[in-house]
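Here's the structure we're looking at; comments come further down.
Scope of the values below: all heavy atoms of this structure, side chains included, with no hydrogens, waters or symmetry mates. Whatever order the structure lists ligands and atoms in, that order sets their numbers, starting from 1.
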Amino acid sequence: MKWEVVIGLETHVQLSTNTKIFSGASIESGAEPNAQACVVDLALPGVLPVLNYGAVERAMKFGLAIGAKVAERSIFARKNYFYPDLPKGYQISQFELPVVQGGELSFMVTPKKGEPYMKTLHLTRAHLEEDAGKSVHGIEMGLSGIDLNRAGTPLLEIVTEPELRSAEEAVAYARTLHALVVWLGISHGDMQNGNFRCDANVSVRPVGQKEFGTRCEIKNLNSFRFLQDAIEYEVRRQIELIEDGGQVVQATRLYDPDKNETREMRTKEDSMDYRYFPDPDLLPLDISREWLDEVKQAMPELPHQLRERLMSDFGLSQYDATMLTTSRGVADYYLALAEQVQDKKIAANWVMGELSAALNQSEVAIENSPVTPAVLAKLITRVLDNTLNNKGAKTVFAALWAKEGDDVDQLIEKLGLKQISDTGAIEKIVDEVIANNPKNVEEFRAGKEKALNGLVGQVMKASKGKANPGQVNQILRAKLAA
Ligand code: ADP
Ligand code: MG
């Protein structure tokens, strides 16, 4: 049987405020346990929460960026459950009336098989809430510790409609969402520190069936790799289970990256009743027209807006424009480069090709690239003015990357890569190659186009890669036709 995969994601994004959502304690990471837990975070009797408007403003920015409705009035609710790292006995969240409603996000999916395609995903909602503390195990034999530094950290929980249809789509969405919140400056997006955690709801159904299958929710996936692997595992598990005559039980599951499998945590039967109700300690959150307008005015150009601009002003393809707007860093690098290079497409190719490969291989962020946009611009200029051929340019790039120098012209000189564009010199080599390769010559003259490649290769080799390939081609054809 053919199966269709259905996925909806719930993502917890830690907001980039200085202090907590309902108290003045710092949220900076790395502090001693409980050094950043004030009386509100400890839930001492008599304390009251005070809303951090910086967190609200970040949620508003997100809502505006995805074309959602930013609610004029939203409500904070208490989500009641008992756990040692939750001293109040409830988490303050938003339930019935979230601050951000609806919206959509478009992104490019690059499947392992088949062509890349664009997908537009509808978002259900995004709501503000506080994070819980942490239980820390294994510090001392038989004891667990509680660290409340994280308690009260502001989170935006972003929920999608069940419209994702593969692990690849889920990861493409998560990457785009991550890039967006960092781009907007509303989160540091530091995944190692849990700034961006996804819960994946996964179900399968026979192709053609209207109703959704029973879903499982995999909690707390904090890397794109885990997200991909966990979903793929869960899909396989559900399909095998059903094909063997079993039934999927709605449950919350945990992903174990060491074993690459998901394990059941709790089923729907023992799922908690949170007894949500409006928090009487907090007023409804009212967002005035004026405030929303103010935030709107301060919005940066968005990735998709820049994408459109790169397509219309620079004539880039949708694919290229999407790749160049995957992060603020890539976009800034490309814009700085394109300012200094006439041919915007060739500039794009260098960023997505040679530069990306080098960055990936050395695991360097583009902001710290040893080859700056100005230096790369100079190198590309030397290709465009025929001083270098592509092969030579790659050699110079490698030298720049290895910090063998930072002056492009000096490196070209030093490495002896200056392209031979002197027609006389090339003609001389071409004559020799024609004389020494009678078989290729005969084949070409007999109509075998491919034989020319062999001859071009010979000329390039004889010139130590320095001949201008375009010229070589031209001269060869002219001589062979004579
Ligand atoms: P809950 O209240 O249990 O969290 P929601 O209705 O809010 O459930 O849905 C949570 C997430 O699960 C959403 O992202 C939604 O798109 C997704 N979802 C709902 N039903 C399914 C399903 N059958 N298969 C996959 N994902 C689903
Ligand atoms: Mg939910």
Side-chain angles (χ1 to χ4, degrees), residues 2-13 62 66 68 71 74-75 77-81 90-91 93-105 107 119-129 132 155-178 196-221 227-228 230-239 241-242 246-255 262 264-277:
K2 276 252 182 217
W3 296 93
E4 183 179 43
V5 176
V6 174
I7 305 163
L9 290 191
E10 296 165 278
T11 307
H12 289 92
V13 176
F62 179 73
I66 58 161
S74 60
I75 305 285
R78 291 186 180 180
K79 179 178 180 179
N80 299 278
Y81 65 94
Y90 59 85
Q91 176 195 22
S93 181
Q94 296 189 308
F95 187 54
E96 271 161 30
L97 278 180
V99 61
V100 172
Q101 302 168 9
E104 59 183 41
L105 194 61
F107 48 90
K119 172 149 185 139
T120 299
L121 173 69
H122 295 96
L123 303 193
T124 315
R125 58 187 275 157
H127 61 257
L128 284 162
E129 62 183 27
L155 301 177
L156 188 66
E157 179 176 337
I158 301 159
V159 184
T160 79
E161 290 294 300
E163 294 174 350
L164 296 160
R165 290 293 174 267
S166 65
E168 283 152 349
E169 286 190 359
V171 171
Y173 158 72
R175 282 187 185 279
T176 306
L177 180 67
H178 180 264
F196 192 91
R197 287 121 62 186
C198 296
D199 300 342
N201 294 269
V202 179
S203 67
V204 297
R205 64 179 170 187
V207 169
Q209 179 181 305
K210 274 234 163 64
E211 305 78 41
F212 287 141
T214 305
R215 72 184 144 123
C216 286
E217 179 174 7
I218 315 162
K219 285 277 183 198
N220 255 324
L221 300 161
L227 182 62
Q228 170 111 22
I231 293 174
E232 282 176 358
Y233 172 87
E234 183 60 19
V235 166
R236 274 199 308 275
R237 186 189 73 85
Q238 291 186 12
I239 292 175
L241 185 64
I242 302 170
Q247 270 185 335
V248 176
V249 180
Q250 187 170 340
T252 305
R253 301 178 71 88
L254 267 191
Y255 176 66
T262 63
E264 191 168 293
M265 228 163 82
R266 56 174 182 263
T267 58
K268 205 183 175 194
E269 277 72 54
D270 43 53
S271 86
M272 274 178 268
D273 172 8
Y274 292 118
R275 297 176 293 122
Y276 280 100
F277 64 88

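Less than 4.0 angstrom separates some heavy atom of G213 from each of these atoms of ligand 1: 23 (N). Atoms of ligand 1 found under 4.0 Å from any heavy atom of V6 (numbered from 1 in listed order, with element): 24 (N), 25 (C). Contact atoms of ligand 1 toward V159: 13 (C), 14 (O) (distance under 4.0 Å to a heavy atom of the residue). Listed by atom number, the atoms of ligand 1 under 4.0 Å from E161 heavy atoms are 16 (O).
Counted within 6.0 Å of CD on E161, heavy atoms from surrounding residues, nucleotides or ligands total more than 12; the atom is thus considered enclosed.
Contacts with ligand 1 closer than 4.0 Å are made by backbone heavy atoms (N, CA, C, O) of L9 only, the side chain lying farther away. The side chain of E10, and not its backbone, has at least one atom closer than 4.0 Å to an atom of ligand 1 (non-hydrogen atoms only; side chain from C-beta on).
Side-chain contact, N80 with R275: no donor N or O sits under 3.5 Å from an acceptor N or O.
A search for side-chain hydrogen bond (donor to acceptor under 3.5 Å, both in side chains) contacts involving E234 returns R237, Q238, R253, T262, not counting sequence neighbours. Partners of H178 under the side-chain hydrogen bond (donor to acceptor under 3.5 Å, both in side chains) rule, at least two apart in sequence or in another chain, do not exist in this structure.
Taking distance alone, with nitrogen or oxygen atoms compared against 3.5 Å, V202 stays at or beyond that limit from ligand 1.
Comment: E4 does not engage K2 in a salt bridge, judged by the lack of any side-chain N to carboxylate O separation of less than 4.0 angstrom.
Among C216, P162, S203, G8, the residue whose heavy atom lies nearest to atom 22 (C) of ligand 1 is S203. Nearest-heavy-atom check against atom 8 (O) of ligand 1 across E217, R215, R125 picks out R215.
In terms of modelled atom types and a separation under 3.5 Å, the side chain of T160 and the main chain of L9 share a donor-acceptor contact.
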Derivation of the side-chain contact (heavy atoms from CB on, under 4.5 Å) call for L177 and F196: CA-CA 10 Å; L177 180 67; F196 192 91; 4.0 Å; yes
